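Worksheet: the structure to be examined is printed underneath.
Source: prediction; values computed, not measured.
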Amino acid sequence: QVQLVESGGGLVQAGGSLRLSCAASGHTTSTYAMGWFRQAPGKERDFVAAISWSGGSTYYADSVKGRFTISRANAKNTVYLQMNSLKPEDTAVYYCAADRALNPPRVVSAYDYWGQGTQVTVSS
């Protein structure tokens, strides 16, 4: 089993930055693809970014491309999401997820393990 714990969320003004972290325990995730998703109130959980186990491949939703960066530190069993130029529409609960797939999935249903989420609120 893999346990994932997100941190780093908070309240920030539009244009500001936050860095989310996702720490894994219970089993090394160094060979897992990792993803970030977000869910705003009343909406479905949407893909944000994903990274392959090696970090060599990354994928982003169009809405965050150029503003968000996903990275990982396998020695620390941790994945990060650097979020810059934040907008009010980025407000959501952000979740990290892990999957054994070689190519990082971009759909909710493909991921085996999920964290509890961290709230990100961007004020205008």
Side-chain angles (χ1 to χ4, degrees):
Q1 286 289 339
V2 174
Q3 291 81 45
L4 303 173
V5 178
E6 303 94 336
S7 62
L11 173 64
V12 64
Q13 288 188 332
S17 299
L18 284 173
R19 188 175 83 154
L20 306 183
S21 298
C22 173
S25 62
H27 190 281
T28 180
T29 55
S30 60
T31 58
Y32 284 56
M34 301 293 293
W36 285 98
F37 290 75
R38 65 186 182 186
Q39 189 167 19
K43 295 189 176 181
E44 293 185 350
R45 193 169 297 189
D46 292 331
F47 170 74
V48 175
I51 188 167
S52 61
W53 70 269
S54 67
S57 298
T58 57
Y59 303 92
Y60 297 94
D62 288 343
S63 59
V64 306
K65 205 170 291 184
R67 299 189 297 123
F68 291 11
T69 303
I70 188 171
S71 61
R72 66 189 299 160
N74 285 342
K76 297 181 179 180
N77 257 1
T78 301
V79 176
Y80 305 98
L81 185 68
Q82 178 67 43
M83 306 187 295
N84 298 329
S85 302
L86 283 161
K87 304 175 182 180
E89 51 263 45
D90 295 318
T91 296
V93 177
Y94 283 69
Y95 299 89
C96 72
D99 185 73
R100 294 181 182 88
L102 184 63
N103 197 30
R106 280 155 274 187
V107 294
V108 170
S109 60
Y111 282 85
D112 297 319
Y113 303 100
W114 291 86
Q116 294 300 306
T118 184
Q119 176 71 47
V120 171
T121 303
V122 184
S123 63
S124 57

Revision key, fill the gap. When every non-hydrogen atom of Asn84 is compared with those of Ser17, the smallest separation belongs to OD1-OG, 2.9 Å
Check your understanding: Among all residues two or more places apart in sequence or in another chain, which pass the side-chain hydrogen bond (donor to acceptor under 3.5 Å, both in side chains) test with Thr121?
Key -> Gln119
Revision key, fill the gap. On a heavy-atom basis, the closest approach of Ala49 and Tyr60 is CB-CD2, 3.7 Å
Practice item. Side-chain contact test, heavy atoms from C-beta onward, threshold under 4.5 Å: evaluate it for Tyr95 versus Leu4 and give yes or no. Key: no
Check your understanding: Of all residues at least two apart in sequence or in a different chain, which pass the side-chain hydrogen bond (donor to acceptor under 3.5 Å, both in side chains) check with Ser25?
Key -> none
Exercise for review: May I have all residue pairs that pass disulfide bond (SG atoms under 2.5 Å apart) and include part of residues 27-95, sequence neighbours excluded?
Suggested key: none
Review point. Partners of Phe68 by ring pair (Phe, Tyr, Trp, His ring centres under 6.0 Å), sequence neighbours excluded?
Key: none
Review point. So, Thr91 side chain and Val122 main chain: donor-acceptor pair closer than 3.5 Å or not?
Key: yes
Review point. Sequence neighbours excluded, which residues qualify as side-chain hydrogen bond (donor to acceptor under 3.5 Å, both in side chains) partners of Asn103?
Key: Tyr59
Point to revise | Within residues 16-103 or reaching into it, pairs that qualify as disulfide bond (SG atoms under 2.5 Å apart) - sequence neighbours excluded | key: Cys22-Cys96
Point to revise | ring pair (Phe, Tyr, Trp, His ring centres under 6.0 Å) against Tyr94, all qualifying residues, sequence neighbours excluded | key: none
Exercise for review: Give every residue pair that meets the disulfide bond (SG atoms under 2.5 Å apart) criterion with at least one member in residues 27-74, sequence neighbours excluded.
Suggested key: none
Revision key, fill the gap. Shortest non-hydrogen pair, Val48 vs Leu81, comes out as CG1-CD2, 4.2 Å
Check your understanding: In chain order, what residues pass the side-chain hydrogen bond (donor to acceptor under 3.5 Å, both in side chains) check against Asp90, with sequence neighbours excluded?
Key -> Arg38, Arg67
Review point. Is a side-chain N or O of Tyr32 found less than 3.5 angstrom from the main chain of Ala97, in a donor-acceptor match?
Key: no
Practice item. Starting from Leu102, walk the hydrophobic network (Ile, Leu, Val, Met, Phe, Trp, Tyr; side-chain heavy atoms closer than 4.5 Å) and list everyone else you reach, by chain and number. Key: Trp53
Show me the side-chain donor-acceptor pairs of residues 104-118 shorter than 3.5 Å, one per line, residues at least two apart or across chains.
| from | atom 1 | to | atom 2 | distance (Å) |
| --- | --- | --- | --- | --- |
| Tyr111 | OH | Pro105 | O | 2.6 |
| Tyr113 | OH | Arg100 | NH2 | 3.4 |
| Thr118 | OG1 | Gly9 | N | 3.2 |

Revision key, fill the gap. Salt bridge (Lys or Arg N to Asp or Glu O under 4.0 Å) filter on Lys43, not counting sequence neighbours, yields none
